[in-house]
Q: 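Below is a structure I'd like to ask you about.
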Amino acid sequence: MLTRYLGPVLMSFASRHKKSPRIGFIGAGRVGSALAWHCRRLGYGIAGITDKRPKQAWLAYGWLKIPYQRLRPRDIAARSDVLFLTVPDGSIEPEFSAVRRWILPGTIVAHCSGALGTDAFPGAQKQGLETLALHPVQTFTSHSLAIQNLPGSHWTLEGSPKGLQFGRRLVRQLKGRALVVRSADRPLYHAMCVIASNFLNCLLDASETIAENLGLSRAGARRMLLPLMRAVLDSSERLGPVRALTGPAQRGDAETLERHLSALGSRLPELVPLYRIISLRLLELANRQGLNKRAVRRIRESLEKA
């Protein structure tokens, strides 16, 4: 038992005298696997990868083109200079608690959650550990796209001085941009990211639901609507969301909005709350664009009646 514990510890001690730190990963999902792939590409040593699903870890070793090792989380913790806990948000603190006794002082413990800060590592500072919360402002629908999309992304950081130093260095190497977001602000920051990304899926799905009601296929509706959505995003990139706004709310066209609400109410009533809430927000944009007060009041009355 003693040799099984001392082996990883001695390897980790030796690694701290190398120029490039050894990075370990507990969690071999899309973000963890992609980050491990890029760390290896950038010349970092890989202390190991593990996952509760052994096949997932085995696949990650395959992408990295290094021999597979079935390591326990505590083995990786003991031999890492930087330890990433790339697990679901609710598992970060329990995983840290499970392996912290094997983490050597001076190790950087990190996670990639957007909503959590380094307070997910309670007692880390007292133990002599450095901390880092490193979140990519990016979406990953597959492992290959995660590897492709990480370089050039924006990242938000929070952590101890040495943790931030490492995080900034890694972001620079990935040709990205780094912004510090405090632990207290991270839930609100992550809500911003969810609205800008996941909400688009909701809007497209609602549009496809209407298409089905009209007798159109979802795939056909997607082909028709995605160019429109891309054009809106392009306009917003150039002009900002207020100046790029078009449509009935921007024109002060209460009658058209009322027709929309009537049609949805009779055929797809479950979409009325979504249409109403978003239209109220669009009305705020139209107001900032200069829509006259009478039109704003008329539209708000129509939407509040819905």
Side-chain angles (χ1 to χ4, degrees), residues 1-29 31-32 35-36 39 44-52 71-136 155-172 178-190:
M1 286 292 292
L2 184 62
T3 56
R4 289 177 67 184
Y5 171 67
L6 286 178
V9 171
L10 291 172
M11 288 178 65
S12 182
F13 178 81
S15 76
R16 292 169 198 276
H17 294 81
K18 296 179 181 179
K19 185 177 181 181
S20 182
R22 287 167 57 85
I23 305 180
F25 294 86
I26 297 175
V31 175
L35 200 53
C39 285
Y44 291 101
I46 301 299
I49 305 170
T50 188
D51 195 280
K52 289 183 176 178
L71 299 169
R72 296 169 297 180
R74 72 186 200 185
D75 297 328
I76 294 175
R79 64 200 295 186
S80 297
D81 303 308
V82 180
L83 177 64
F84 273 98
L85 277 66
T86 44
V87 295
D89 287 13
S91 299
I92 293 172
E93 188 172 332
E95 287 286 354
F96 173 66
S97 297
V99 300
R100 62 181 299 176
R101 61 183 291 196
W102 287 279
I103 306 175
L104 295 181
T107 299
I108 299 171
V109 288
H111 67 68
C112 293
S113 166
L116 300 177
T118 54
D119 47 5
F121 302 127
Q125 183 178 7
K126 186 177 181 180
Q127 190 175 328
L129 305 179
E130 305 292 337
T131 56
L132 173 65
L134 182 67
H135 180 250
W155 300 73
T156 56
L157 296 79
E158 194 261 340
S160 66
K162 288 186 178 178
L164 286 173
Q165 182 182 34
F166 170 78
R168 289 191 175 104
R169 172 188 170 189
L170 181 58
V171 170
R172 283 196 305 271
L179 174 70
V180 173
V181 175
R182 301 177 309 155
S183 286
D185 291 333
R186 291 181 79 85
L188 186 60
Y189 147 76
H190 196 239

Q: Do Ile103 and Gln127 have side-chain heavy atoms sitting under 4.5 Å apart?
A: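 They are in contact (side-chain heavy atoms under 4.5 Å apart), so the answer is yes.
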Q: Answer yes or no: is there a side-chain heavy-atom contact under 4.5 Å between Ile26 and Thr86?
A: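 Not touching, per the 4.5 Å side-chain cut-off.
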Q: Just wondering, do Leu157 and Arg168 contact through their side chains at under 4.5 Å, heavy atoms?
A: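 A side-chain contact exists here, since the closest heavy-atom pair is under 4.5 Å.
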Q: Are the side chain of Asp51 and the backbone of Ala28 linked by a donor-acceptor contact shorter than 3.5 Å?
A: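 It does hold such a pair.
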Q: Any side-chain heavy atom of Glu95 within less than 4.5 Å of one from Val87?
A: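 Touching, per the 4.5 Å side-chain cut-off.
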Q: Determine the minimum heavy-atom distance between Leu71 and Gly48, stating which atoms define it.
A: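 Reported closest heavy-atom pair: CD1-CA, 4.0 Å.
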Q: Quick one: closest heavy-atom pair of Ser183 and Gly117, and the distance?
A: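 Smallest interatomic distance, heavy atoms only, reads OG-CA, 3.3 Å.
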Q: How many angstroms lie between atom CZ of Arg22 and atom CD1 of Ile46, to the nearest 0.5 angstrom?
A: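 Nearest 0.5 Å value for the CZ-CD1 distance: 9.0 Å.
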Q: Pair Arg100, Val109 - check side-chain contact (heavy atoms from CB on, under 4.5 Å), show working.
A: CA-CA 10 Å; Arg100 62 181 299 176; Val109 288; over 6 Å; no
Q: With ring-ring contact (aromatic ring centres under 6.0 Å, His included) as the criterion, how do Phe121 and His111 come out once you've worked through the C-alpha distance, each side chain's angles and the decisive distance to 0.1 Å?
A: CA-CA 9 Å; Phe121 302 127; His111 67 68; 5.4 Å; yes
Q: Indicate the ring-plane relationship of His190 and His135, choosing parallel, tilted or perpendicular according to the 30° and 60° boundaries.
A: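 Judged by the thresholds at 30° and 60°, the geometry between His190 and His135 is perpendicular.
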Q: Are Arg72 and Val99 packed together at the side-chain level, in the sense that at least one heavy-atom pair is separated by less than 4.5 angstrom?
A: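 No, too far: nothing below the 4.5 Å cut-off.
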Q: Identify the heavy atoms of Cys39 and Leu170 that sit nearest to each other, and give their distance.
A: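 Answer, listing the atom of Cys39 first, then Leu170: SG-CD1, 4.2 Å.
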Q: Could you check Cys112 against Leu35 for side-chain contact (heavy atoms from CB on, under 4.5 Å), going step by step and ending with a plain yes or no?
A: CA-CA 10 Å; Cys112 293; Leu35 200 53; 3.9 Å; yes
Q: Once you round to the nearest 0.5 Å, how far does CG of Leu85 lie from CG of Leu116?
A: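 Rounded to the nearest 0.5 Å, the CG-CG separation comes to 11.5 Å.
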Q: Leu132 vs Thr118, test: side-chain contact (heavy atoms from CB on, under 4.5 Å). Steps then yes/no.
A: CA-CA 6 Å; Leu132 173 65; Thr118 54; 5.6 Å; no
Q: Are any non-hydrogen side-chain atoms of Glu130 and Ser160 less than 4.5 angstrom apart?
A: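 A side-chain contact exists here, since the closest heavy-atom pair is under 4.5 Å.
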Q: Which atom names give the shortest non-hydrogen contact between Asp89 and Ala115, and what distance separates them?
A: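 Closest approach of Asp89 to Ala115: OD2-CB, 4.1 Å.
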Q: Do Ile49 and Phe84 come within less than 4.5 Å of each other through their side chains, counting heavy atoms only?
A: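 In short, these two side chains do not touch, never coming nearer than 4.5 Å.
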Q: Say whether, by atom type as modelled, one donor and one acceptor occur between the side chain of Arg74 and the main chain of Trp102 under 3.5 angstrom.
A: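 Answer holds: no.
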Q: Could you label the plane-to-plane angle of the Phe166 and Tyr44 rings as parallel, tilted or perpendicular, counting under 30° as parallel and over 60° as perpendicular?
A: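 If you compare the ring of Phe166 with that of Tyr44, the planes turn out perpendicular.
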Q: So does Gly167 get a backbone contact from the side chain of Arg172, meaning a donor-acceptor N/O pair under 3.5 Å?
A: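 It does not hold such a pair.
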Q: I would like to know whether Thr156 and Val180 meet side-chain contact (heavy atoms from CB on, under 4.5 Å); could you show each step before the answer?
A: CA-CA 5 Å; Thr156 56; Val180 173; over 6 Å; no
Q: Testing the basics here: between Pro105 and Leu129, what is the closest heavy-atom pair and its distance to 0.1 Å?
A: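 Nearest pair, atom of Pro105 first, then Leu129: CA-CD2, 4.1 Å.
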Q: Which heavy atom in Thr107 sits nearest to a heavy atom in Leu104, and how many Å separate them?
A: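 Nearest heavy atoms, Thr107 then Leu104: OG1-O, 2.8 Å.
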Q: Please tell me if the side chains of Phe25 and Thr50 come closer than 4.5 Å, counting only heavy atoms from C-beta onward.
A: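 No; the side chains remain at least 4.5 Å from each other.
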